[in-house]
Amino acid sequence: MILTVTMNPSVDISYQLAEFCIDDINRCEQYSKTAGGKGLNVTRVVHQMRHPVLATGLLGGELGAYIERQLQQEKIAHRFSPIAGDTRNCIAVLHDDGKQTEILESGPVVSSVEAADFEQLYDRLLANVDVVTISGSLPKGVDDALYTRLIQQANTLGKKVVLDVSGAALTQTLQSDSKPYAIKPNRDELLAIAAYQPTGDDVSDLQAILNSELFAGIPLIVVSLGADGAFVKHGEMFYKVTIPRIKVVNPVGSGDATVAGLALALADGRDLADVLKIAMTLGMLNTMEQKTGHVDVTKFAEYVAQVQVAAL
Ligand code: ADP
């Protein structure tokens, strides 16, 4: 069983407009509203791969209830902790031939009692899972060290954590004594937290960054590189993962699908090459679909066979 943690979920609204008119009325006929947030994208992809998954985090208000109904309809197991505030909306306007304008609400303010209730629930849920994924930002009001405590608790029980957060939250977690088993920054997220001036030689730059003190003690680091696959550090070894050229429909959420692949392959006890191949394949399959956090599992075998892992 995989436990996915989404502390700041959202109902994601996507509006498709031929032309986006500022300071005017935009009428829209093509739109969708889905349970979103990075952790829920991970959840959906794991579920589509028919691997047991349980979604947890914080939900509140009408939009929180909407997300629970959607998960129920999709037959996805979920145990969220309730909050008094309202779960947020995130809006993406897709317009003018490939442009994307986003409005992301910061979300509810969570009280210390609500955060403590969640931690108690998390401790109970941990007992029955093999792997935990932690994705996305923390809502306001929750103390910054929460992710560190979730990782520490999982480590104590011998459960692997795959962490997919960025910026200060990532730096802070990496500086603590409780290390996640795996992290999956993309190239930009990695460069943003590395105190390093790139020389332009991609391989030696990535090696130098991942060898720095900040990343010490994390068994598996997967730097996803979009169409270029991934650069990986496992223990003291480095690997380059190469993927085939594909036709991309919508790349949003491909990092989340990659995290789903890491988690389910680790939960199944697969070897490193398989873990990386499965993760890359789910990232690719997500980019081939219009809907975020969706993969066509019937294409899995065809694409996983084309992913190559080479030790450097
Ligand atoms: P994020 O969504 O976190 O920014 P990436 O863009 O690196 O992450 O994508 C994660 C994975 O999804 C990649 O490693 C790759 O497997 C797949 N992917 C993303 N974009 C493309 C693309 N343009 N072509 C092929 N695969 C892609």
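All ligand and atom numbering here is 1-based and tracks the order in the structure.
Side chains of Ile67 and His78 form no contact here, defined as non-hydrogen atoms less than 4.5 Å apart.
Grouping the Ile, Leu, Val, Met, Phe, Trp and Tyr side chains by contacts below 4.5 angstrom, directly or via other members, places Leu58 apart from Leu63. Cluster membership check: Ile134 shares its hydrophobic cluster with Leu125, using side-chain heavy-atom separations under 4.5 Å among Ile, Leu, Val, Met, Phe, Trp and Tyr. Phe300 is connected to Leu266 through a chain of hydrophobic side-chain contacts under 4.5 Å among Ile, Leu, Val, Met, Phe, Trp and Tyr, so both are in one cluster.
Atoms of ligand 1 found under 4.0 Å from any heavy atom of Val248 (numbered from 1 in listed order, with element): 22 (C), 23 (N), 24 (N). In summary, the atoms of ligand 1 found under 4.0 Å from a heavy atom of Thr287, numbered by their order in the structure, are 18 (N), 19 (C), 20 (N), 21 (C), 27 (C). Remark: ligand 1 atoms within the under-4.0 Å shell around heavy atoms of Thr258 are 10 (C), 11 (C), 12 (O). Close approach of ligand 1 to Gly283 is summarised as follows: ligand atoms under 4.0 Å from at least one heavy atom of the residue are 12 (O), 17 (C). Which parts of ligand 1 touch Asn186 is read off a 4.0 Å heavy-atom cut-off, strictly below it: atoms 1 (P), 3 (O), 4 (O). Counting atoms of ligand 1 from 1 in the listed order, those under 4.0 Å from a heavy atom of Ile243 are 15 (C), 16 (O), 25 (C), 26 (N).
The heavy-atom pair separating Val295 from Glu289 by the smallest distance is CA-CG, 4.2 Å. When all heavy atoms are compared, the tightest approach of Val297 to Met49 is CG1-SD, 3.6 Å. Looking at every heavy atom in both residues, Gly253 comes nearest to Thr292 through CA-CG2, 3.9 Å. Of all non-hydrogen atoms in Arg79 and Thr56, the two that sit nearest each other are O-OG1, 2.7 Å.
Of all the heavy atoms of Lys184, the ones lying under 4.0 Å from any atom of ligand 1 belong exclusively to the side chain.
Residue Gly255 has at least one N or O atom closer than 3.5 Å to an N or O atom of ligand 1. Not one N or O of Gly253 is nearer than 3.5 Å to an N or O of ligand 1, by distance alone. Residue Pro251 places no N or O, backbone or side chain, under 3.5 Å from any N or O of ligand 1.
Scanning all protein heavy atoms for the shortest distance to atom 14 (O) of ligand 1 gives Gly229 O, 3.0 Å. Ranking protein heavy atoms by distance to atom 16 (O) of ligand 1, first place goes to Met280 O, 3.2 Å. Looking from atom 9 (O) of ligand 1 to the surrounding protein, the closest heavy atom is Ser254 OG, 3.3 Å.
Judged by distance alone, the side chain of Asn155 and the main-chain N or O of Lys179 form a donor-acceptor pair under 3.5 Å.
Considering only non-hydrogen atoms, atom 20 (N) of ligand 1 lies nearest to Gly226 out of Ala257, Pro244, Ser224, Gly226.
Heavy-atom separations between Ala230 and ligand 1 are all 4.0 Å or longer.
Residue Ser224 is tested with Glu189, Arg187, Lys184 for a side-chain hydrogen bond (donor to acceptor under 3.5 Å, both in side chains); the sole match is Lys184.
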